[in-house]
Amino acid sequence: MNMDVLVSLCKRRGFIFQSSEIYGGTGSCWDYGPLGVELKQNIKRVWWRDFVQARGDMVGLDASILMHATVWTASGHVDNFTDPMVDCRECKRRFRADQIDDMAWTHFCPATKGNKFTIAAGEPCKHCQARRTLCPECGKGELTPPRQFNLMFKTFMGPVEEDASVTYLRPETAQGIFVNFDNVLQAMRRKLPFGIAQVGKAFRNEITPGNFIFRTREFEQMEIEYFVNPLDTVDGRPADEALHDRWIEQCQAWFVRYGVDAARMKLHEHPRDELAHYSKRTVDILYEFPMGWSELMGVANRTDFDLKQHAKFSGKSLTWFDEERKQHIVPYVIEPSAGVDRALLAFLLEAYREEEVRGEKRVVLRFHPELAPVKIAVLPLLKKRGEIVARASELRDRLGRRWASVYDDTAAIGRLYRRQDEVGTPYCLTVDVKTVGDTEKGEVGDGKVTIRERDSMEQVRVPIEALEGVFSRLLDGGTAWPDVAAEFPRGDAEARG
Ligand code: GAP
């Protein structure tokens, strides 16, 4: 799937806009529009429900973004959270030194009177055999030697801009959990293993943001720090190692449950010499994004590194008392860390389909119903008939109290169905003449409406009083459409779409 097609759909249908677009936009920040914010909230809500509320071994936290500056010294971010970068002396563009050989490069070839070519990453020029030495973008400037660049955004806390008031926007939510470890332990009286989850914004001054919402400078994370007794064993293995594997499986299963094809995910084991400074083992779950296999989320074994560092720098004990062994221990930490925006991008890519229906192209987002931004669209078949419009509006208000619902009468029914398909609405509900009757002709309405399902486009005729029951089975109870549809007569061909 082409990312440009998705970017364009996201803008057109109100999912994602470029930040500050009227000022020319910022290349690295995106704004979630009316449908995007619903989709994003649904992802966070099901993640929280499945990994926090549904489990007895998890609790939640919402720590502040601005923290004591020493947190970032203790965590190692001040010294280690850097990328090597090089600058072009000519065009002033900045690149990550470790990514520059993976870029296509611009070349003015001396063997062809200086003609300009764009050459694939890592390849030599086929005319003069030269390899890239200059800036890959402008093809003219020399590059500076690599320098380490810290990715944290610096700011000042308080009214005086001096060294003593320097702090950082958090580059990960994890540290808010570590510094609250003892608070949560005391307040919630937990035994190991247990986890603390947090969802929130993180900020990184990425050198090369890009690929839409894949790499941005402001993004959201859904992180879990799962505290494990390193002296315990699980299935005959050290508990931290066994539970690490279990979390990897659970995270993959979660993405599959909400619509990601398992064949488009794979694991990447970080080689030992590339592990982050805190990690004993890190496994990334990769997804096949349009630009290639890239990290969707990571699951790291952070050992006792963070708790020990914060104990050292704060002078506070961050241990758990093991009653059985009668000793204080510093837990190990398994950290499943997912980006909300990357998860959203993967769910969008998975949902996108182009189909042919009766000779016409239909674009449909086949979202899992729990993720779909709008669950029900209520559509009047004829907007000139006051009773139809009134009944449809009343139904939207009624259903909208339980499920995200919209009312739309701005086009003919076929067009309205296509619009809802394109934003992934699983059910359309149509009010027609038969529903309300025709007083002029002395006909009474049958009090039934048509429900149309997005993927099969099947329609059934359902009594209005049964709607809440039907939608609660479909949207809350997980009952499959064919099971519900089988109980009602087929819908009206008049409203086909
Ligand atoms: N606490 C561990 C940690 O932050 P990470 O691998 O740097 O680990 C975790 O980040 C996840 O956060 C990534 O797998 C990705 O989903 C998301 N993420 C990281 N940097 C991002 C960025 N610049 N833009 C969007 N998402 C990002």
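Each ligand, and each atom within it, is numbered from 1 in the order the structure gives.
Relative to the ring axis of Phe214, Arg342 places its NZ or CZ within 45° and under 6.0 Å from the centre.
Looking only at atom types and distance, the side chain of Arg170 has no donor-acceptor partner in the side chain of Gln221 under 3.5 Å away.
Annotation: salt bridge (Lys or Arg N to Asp or Glu O under 4.0 Å) contacts involving residues 277-295, sequence neighbours excluded, comprise Asp240-Lys280, Glu241-Lys280, Asp245-Arg281, Glu269-Arg281.
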Chi angles and distances behind the ring pair (Phe, Tyr, Trp, His ring centres under 6.0 Å) call for Phe51, Trp247: CA-CA 11 Å; Phe51 286 125; Trp247 271 108; 5.8 Å; yes
Identify all N/O pairs between ligand 1 and the protein with a separation under 3.5 Å and present them as a table of atom names and distances.
residue	atom	partner	partner atom	Å
ligand 1	1 (N)	Glu172	OE1	2.6
ligand 1	1 (N)	Glu223	OE2	2.5
ligand 1	1 (N)	Arg302	NH1	3.4
ligand 1	1 (N)	Glu335	OE1	3.3
ligand 1	1 (N)	Glu335	OE2	2.9
ligand 1	4 (O)	Arg204	NH2	2.9
ligand 1	4 (O)	Gln221	NE2	3.0
ligand 1	6 (O)	Glu295	OE2	3.0
ligand 1	7 (O)	Arg204	NH1	2.8
ligand 1	7 (O)	Arg204	NH2	3.0
ligand 1	10 (O)	Gln221	NE2	3.4
ligand 1	12 (O)	Gln221	NE2	3.3
ligand 1	14 (O)	Glu295	OE2	2.5
ligand 1	16 (O)	Leu296	O	2.9
ligand 1	16 (O)	Gly339	N	2.9
ligand 1	20 (N)	Arg204	NH1	3.3
ligand 1	23 (N)	Glu206	OE2	2.8
ligand 1	23 (N)	Thr216	O	2.8
ligand 1	24 (N)	Phe214	O	3.4
ligand 1	24 (N)	Thr216	N	3.0

Donor-acceptor pairs under 3.5 Å, side chain of residues 344-353 to any protein atom, not counting sequence neighbours: which ones?
residue	atom	partner	partner atom	Å
Glu350	OE1	Asp261	N	3.2
Glu350	OE1	Arg264	NH2	3.0
Glu350	OE2	Arg264	NE	2.6
Glu350	OE2	Arg264	NH2	3.3
Glu350	OE2	Tyr287	OH	2.7
Tyr352	OH	Glu354	OE2	2.7
Arg353	NH1	Glu350	O	2.8

Pairs of donor and acceptor atoms involving the side chains of residues 143-150, under 3.5 Å and at least two apart or interchain, shall be tabulated with distances.
residue	atom	partner	partner atom	Å
Thr144	OG1	Asp87	N	2.9
Arg147	NH2	Asp87	OD2	2.7
Gln148	OE1	Thr82	OG1	2.9
Asn150	OD1	Met152	N	2.8
Asn150	ND2	His77	O	3.1
Asn150	ND2	Val78	O	3.0

